[in-house]
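Encoded as structure tokens, the structure appears first; notes follow it.
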There are 4 protein chains.
Amino acid sequence: MKKKSQLKYEQILAETVNLINEKDVAMVSTNQVAKKVGISQSNIYIYFKNRDDLISQVFTTEVNKMSAFVIERIETRPTDNLKAKFELTFTVLFQYALKFPKSMTVIQKILQSYAYTHMQDQSAAYSKANGMLVASLDAGIATGLLKPIDRTLLQNIIFSTIKLHADNLHRGRYTERDVPFDQVAAMIWDAISA
Amino acid sequence: MKKKSQLKYEQILAETVNLINEKDVAMVSTNQVAKKVGISQSNIYIYFKNRDDLISQVFTTEVNKMSAFVIERIETRPTDNLKAKFELTFTVLFQYALKFPKSMTVIQKILQSYAYTHMQDQSAAYSKANGMLVASLDAGIATGLLKPIDRTLLQNIIFSTIKLHADNLHRGRYTERDVPFDQVAAMIWDAISA
Amino acid sequence: MKKKSQLKYEQILAETVNLINEKDVAMVSTNQVAKKVGISQSNIYIYFKNRDDLISQVFTTEVNKMSAFVIERIETRPTDNLKAKFELTFTVLFQYALKFPKSMTVIQKILQSYAYTHMQDQSAAYSKANGMLVASLDAGIATGLLKPIDRTLLQNIIFSTIKLHADNLHRGRYTERDVPFDQVAAMIWDAISA
Amino acid sequence: MKKKSQLKYEQILAETVNLINEKDVAMVSTNQVAKKVGISQSNIYIYFKNRDDLISQVFTTEVNKMSAFVIERIETRPTDNLKAKFELTFTVLFQYALKFPKSMTVIQKILQSYAYTHMQDQSAAYSKANGMLVASLDAGIATGLLKPIDRTLLQNIIFSTIKLHADNLHRGRYTERDVPFDQVAAMIWDAISA
DNA sequence: TATGAATGAGCTTTCATTCAT
DNA sequence: GATGAATGAAAGCTCATTCAT
């Protein structure tokens, strides 16, 4: 794809993200996306194989974005203190959720959607990103730092809590002064630490 | 509605629950429901004002079912020990999730769906049920039993953890022996207790 | 039909008249009528063979009502003065239009509707009532009182003008003081008189 | 819209005109129109926003056609004789009704239809065309040429008489020799002139 | 007499997708 | 690359009508 088309490709992705943010994944149509971008519906099929492909690429793009954001801020500060690393991860995830409020919502919505669950080729990006987190959690459990319990339970508390906190702030339910992130991180830590 | 129709009314609700369980709320059509029940599609409009009404009544029915289940098992065992009461609540919610695996999923899906969010008259049943839980949490915070933090964060950990655990069991990710509920309850308690 | 049913029969007719007054004939459904009367839809099919029959009976009833109203006020005042008789007819028609503002509208709407045009047995009542007017007009033409021109043209001016004037008054476009009926009658007379 | 589509656009309008001519406006469905044109029903929504838009554009098109027809034949023959101008207008309207027998019927039907009455943006074309006639009539009244009476009464006689005469000819009720237009125009003039 | 239940046909509208230009 | 045109399928909903009770 050339420059010009690269731009349009990104515009389509961006408007799809916006629309998924507003309504259910299943309610977002290629029609609506095209209208938002200001192109004709059929144009979308030049950039994407079909609707599933569009949703899928939105997902992959957002996962990659988040993944890159986190890795960049963690890998560069290597530490042998596992607990500190976890806490840094929480903070970075929270920063991401604050900076890209739509991104986490979209990732979560697509992940839960029927469309994604039944998609042919699911995101390799997601597997990879998830794999890193899984490795971290397993290491934490193995070293006795985290509770010896199925990792999905730990993972759920981490992500759902951070996302809810960011959403609450974003919607103005409370301010960062009312509920400092430290308290939230402490709550997560209390939950998952052995 | 008379006897005979009461049966069909419930069949429609039941099949709608099944379908919402399988796919996104927005993807469940009156057509599909009718086909599952074995009636003509227009027949649904005898029992429900429109599609929104159908979804809404499914929601209310499930919330009432859960509410009744929980209240019946808690109110009858009054205690002045607040902590014991919380732990009992967790257990009862878990029992419900185990017994009616689709119910919690459906409640959650509808609650998150765009359709419900933008519905005219939202469920009074839900407001009431939720109000009781809110009161409990606020009391727990006030007495210093729970962390002095926004209650939605506590609530999220309780529900999402219990639901995920039940789902994991249901999908065979692990058995009750592998991950006893006590451990899960302990994790929740560690998270929310002051 | 017994007394009770006679009442319901008339209620159905009355509500149908109301609905036809508000919208297009083709838009009035048995559903809506039943709802207005407060009965079940299927009940209508006890009093009327089908929808066409309902519309047809509404039409006949209204035509008979108008016919009786006019005849009663004209036949009882026999006169050999043909011009005076015409003018009396205009006045009586106008009184009817004022007293039953919906009636003339409904008659006209049904008369123009596709349903009526293609109905099996068209109203004998209408033929009869129309026949009388036709005879009057033909007599007027024969005696040289009216313009020697196709009678439908005369008839149209008479009815459409009287109806429009009554409607204008009813909708408050002007008052009877602003536009006295005498002026309207004079206009009609100027048009049709030889 | 490009060339090819322009053709289909006009075909859709034309078939809609035909159908409205045959039955009630409310009975004309996009289904029927599509079948007549020989396209799939959804295709109509490429050319028209929705059904209302289709009806509305049919109306505007016909009004514009009539308006252009009349203006072209009147404006080009300016005269300071007001009476002559009125009589010319009658003649031209009659010519139009003869040449486009469906057009006037369709305009009238849509104008009376519930759908149009309750439409959002009503035809600017109609307002303009009507405004010109209104101005003429008001001038006629002011100069003492026409009867000093509400203009809608004058307008009704003009239009309904001309239309009925044209329809009568079209349906073969009588020939132009039986009822020359001069007589009809005279009748109208007798009605409206002071 | 009355009604609840049921249905098939029809309606308007939106959708994902394809294709010729 | 881009678009207008086209379509079949499916959606939600209303309708006239029938029938058993």
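These numbers come from the heavy atoms of this one structure, side chains and all, not from hydrogens, waters or symmetry mates. Just so we're on the same page: letters track the sequence lines, and every chain starts at 1.
Residue side chain B:Gln41 reaches the base of F:dC13 through a donor-acceptor N/O pair under 3.5 Å, judged by distance alone.
One can place OH of D:Tyr47 at 9 Å from P of F:dT7, the figure rounded to the nearest angstrom. For A:Ile12 and F:dT3, the CD1 to C1' distance is 13 Å, given to the nearest whole Å. Separating the CD1 atom of B:Ile46 from the P atom of F:dG12 is a distance of 17 Å, rounded to the nearest angstrom. Between the C1' atom of E:dT1 and the CD atom of C:Gln11 lies a distance of 14 Å, rounded to the nearest Å. The distance between atom CG of C:Leu54 and atom P of F:dC15, rounded to the nearest whole Å, is 14 Å. Between the NZ atom of B:Lys35 and the P atom of F:dA10 there is a distance of 8 Å, rounded to whole Å. Spacing between atom CZ of A:Phe48 and atom C1' of E:dT18 amounts to 18 Å, rounded to whole angstrom units. Put simply, CZ on D:Arg51 is 13 Å from C1' on E:dG10, counting in whole angstrom units.
Proximity of A:Tyr45 to the phosphate of E:dC19: no side-chain N or O atom is located under 4.0 Å from OP1 or OP2. A close approach under 4.0 Å does not occur between any side-chain nitrogen or oxygen of D:Ser5 and OP1 or OP2 of F:dG4. The phosphate of E:dA6 (OP1 or OP2) has a side-chain N or O of B:Lys8 nearer than 4.0 angstrom. Within the structure, every side-chain polar atom (N or O) of D:Tyr9 is placed at least 4.0 Å from both OP1 and OP2 of F:dA5. In terms of phosphate contacts, C:Asn43 brings a side-chain nitrogen or oxygen within less than 4.0 Å of OP1 or OP2 of E:dT3.
Under the 3.5 Å distance criterion, with hydrogens and angles disregarded, no donor-acceptor pair is assigned to the side chains of B:Tyr47 and B:Gln57.
Counting only heavy atoms from C-beta outward, the side chains of B:Lys8 and B:Asn43 approach each other to under 4.5 Å.
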Any chance you could lay out the side chain to side chain contact (heavy atoms under 4.5 Å, CB included) test for D:Thr16 and D:Ile12, step after step, and finish with the verdict?
CA-CA 6 Å; D:Thr16 308; D:Ile12 295 173; 4.1 Å; yes
Applying side-chain hydrogen bond (donor to acceptor under 3.5 Å, both in side chains) to C:Thr30 and C:Gln41, what does each step give before you reach the verdict?
CA-CA 6 Å; C:Thr30 56; C:Gln41 336 162 14; 5.6 Å; no
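Taking for each of C:Asn50 and D:Ile39 the nucleotide of DNA chain F with the nearest heavy atom, the 5'-most of the two is the partner of D:Ile39. The residue among B:Ser40 and D:Asp52 whose nearest nucleotide of DNA chain E is located toward the 5' end is B:Ser40. Between B:Gly38 and D:Ser42, the residue whose closest nucleotide on DNA chain E is further toward the 5' end is B:Gly38.
Counting heavy atoms of neighbouring residues, nucleotides and ligands inside a 6.0 Å radius, atom NZ of A:Lys36 does not exceed 12 of them.
Judged purely by atom type and a 3.5 angstrom limit, A:Asp24 has no side-chain atom pairing as donor or acceptor with the backbone of A:Ala26. Looking only at distances, no side-chain donor or acceptor of B:Lys128 sits under 3.5 Å from a matching main-chain atom of B:Asn64. Remark: the backbone N or O of D:Glu22 is not paired with any side-chain donor or acceptor of D:Lys102 at under 3.5 angstrom.
Near-neighbour residues of DNA chain F inside residues 22-33 of chain C, defined by a heavy atom below 4.0 Å, number-ordered: C:Val28, C:Ser29, C:Thr30, C:Asn31, C:Gln32.
Expressed to the nearest 0.5 Å, how far CG of A:Leu111 lies from CD of A:Glu62 amounts to 13.0 Å.
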Let's test your reading of the pairing rules: Watson-Crick or G-U wobble, both distances under 3.5 Å, then write DNA chain F as a dot-bracket string with ( ), [ ], | and dots.
.||||||||||||||||||||
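When C:Val37, C:Ile39, C:Ile20 are each tested for a side chain to side chain contact (heavy atoms under 4.5 Å, CB included) with C:Glu15, only one passes: C:Val37.
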